[in-house]
Amino acid sequence: MKLYIEKDYNALSERAADIISSFLKEKPEAVLGLPTGSTPIRTYELLSEKCKRGEISFKKVKTFNLDEYSKLSPVDKHSYHYFMDNVLFSKIDIKKENNFFPYEKYDEKIEKGGGIDLQVLGIGRDGHIGFNEPGSEFDSKTRETFLAEETIEDNSRFFNNKKDVPRKTITMGIETIMKAKNILVIASGENKSEAVSKALEGKISTEVPASIIQRHKNVIIILDKEAANNLKTGL
Ligand code: F6R
């Protein structure tokens with residue numbers, strides 16, 4: 001496990017964008033697993049800037065998003081599909097047909113696509129990865145799940161009302177995520193520090209889904225200082 005602790009959110013995002021860019025330079029046809037949420041927004045901006053400057057290209061890249069709200073159409077403003085189109089895909093030279101979202105036979109599609117080379121992950125305050133909430137089995141595959149109360153609360157900032165947050169989602173499973181050849185975790189802010197320390201230093205347990213990454217051979221973690229606040233060791 002390689003750990004970077006950066007001074008702030010912007011530095012964290014620069015580090016993440018640099019790592020993803022180097023990856024694409026080495027493997028232009030890479031298969032990326034991508035999260036939504038607040039944490040990757042600046043990283044995606046930096047990647048689109050690099051693409052505009054011609055430093056990297058997504059022409060041969062395939063992407064598989066981690067999760068999506070059930071029953072929201074791709075053009076619904078609250079869908080993760082819409083988010084990705086807006087924040088990243090419309091700003092880079094990627095082919096639309098190479099962007100995949102978790103609908104039917106997702107695990108098979110990922111395998112057919114060659115498997116995920118680099119899976120980028122955010123982390124929830126309750127230790128979720130994708131929408132694998134506490135209690136999710138380590139051998140889970142892509143499936144429908146229900147959001148935990150804490151996540152509904154957190155995600156309500158993207159909606160007018162907490163009651164508008166869809167409860168049901170489709171998420172890559174923990175096994176799906178762990179099959180990725182490389183994992184890059186990004187976390188920012190004090191409110192993630194407890195989940196981060198449990199995930200990286202705590203017992204590996206389904207109660208903290210992110211703790212499973214301790215078992216992965218190729219993991220890079222990028223935190224800002226606040227998110228690293230609770231870490232006891234330098235790992
Ligand atoms: C989103 C996802 C979630 C988020 C997590 C952190 O696609 O899979 O696991 O990564 O909820 O969200 P932010 O970055 O908004 O704090």
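For this chain, numbers begin at 1 and follow the sequence in order. From a predicted model like this one, the values you see are computed outputs, not experimental measurements. Note: hydrogens, waters and symmetry copies are ignored here, and every other heavy atom, side chains too, is used. Remember, it's 1-based here, ligands and their atoms both numbered in the order they're listed.
Scanning all heavy atoms of the two residues, the minimum distance from D76 to Y82 falls at O-CB, 3.1 Å. Heavy atoms only, all atoms of each residue included: V120 and I186 are closest at CG1-CD1, 4.3 Å.
Partner of N132 under the side-chain hydrogen bond (donor to acceptor under 3.5 Å, both in side chains) criterion, out of R143, E137, E175: R143 alone. Checking D67, T145, T151 one by one against T169, the side-chain hydrogen bond (donor to acceptor under 3.5 Å, both in side chains) holds for a single residue, T145.
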Please determine whether salt bridge (Lys or Arg N to Asp or Glu O under 4.0 Å) holds for the pair K95 and E97, giving the CA-CA distance in whole Å, both sets of side-chain angles, and the decisive distance to 0.1 Å. CA-CA 5 Å; K95 292 186 184 133; E97 64 266 29; 5.5 Å; no
Please test K52 against E49 for salt bridge (Lys or Arg N to Asp or Glu O under 4.0 Å), starting from the C-alpha separation and ending with a verdict. CA-CA 5 Å; K52 271 198 191 98; E49 285 165 17; over 6 Å; no
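Looking at I123 against ligand 1, only its backbone comes within 4.0 Å, counting heavy atoms. Residue-level proximity to ligand 1 for T39 is carried by backbone and side chain together, each with a heavy atom below 4.0 angstrom. Only the side chain of R157 comes within 4.0 Å of ligand 1, counting heavy atoms alone; its backbone N, CA, C and O stay farther away.
Taking 4.0 Å as the cut-off between side-chain N and carboxylate O, K105 and E111 do not count as a salt-bridged pair. K198 has no carboxylate O lying under 4.0 Å from a charged side-chain N of E207, or vice versa, which leaves the two without a salt bridge.
Of the protein's heavy atoms, T36 OG1, 3.2 Å lies nearest to atom 1 (C) of ligand 1. Of all protein heavy atoms, the one closest to atom 10 (O) of ligand 1 is G122 CA, 3.3 Å. Ranking the protein heavy atoms by distance from atom 16 (O) of ligand 1 puts K192 NZ, 2.6 Å first. The closest protein non-hydrogen atom to atom 4 (C) of ligand 1 is H128 NE2, 4.3 Å. The shortest contact between atom 8 (O) of ligand 1 and any protein heavy atom is with D67 OD2, 2.6 Å.
Contact atoms of ligand 1 toward G37: 14 (O), 15 (O) (distance under 4.0 Å to a heavy atom of the residue). Counting the atoms of ligand 1 from 1 in the order shown, those under 4.0 Å from a heavy atom of L66 are 8 (O). Taking a cut-off of under 4.0 Å to the non-hydrogen atoms of P35, the atoms of ligand 1 that pass are 7 (O).
The side-chain heavy atoms of I221 and V196, taken from C-beta on, include no pair separated by under 4.5 Å.
In the candidate list G124, G33, G130, G130 is nearest to atom 9 (O) of ligand 1, counting heavy atoms.
Considering both main-chain and side-chain atoms, Y80 never comes within under 3.5 Å of ligand 1 through any nitrogen or oxygen pair.
Put simply, no part of R125 is less than 4.0 Å from ligand 1, judged by heavy atoms.
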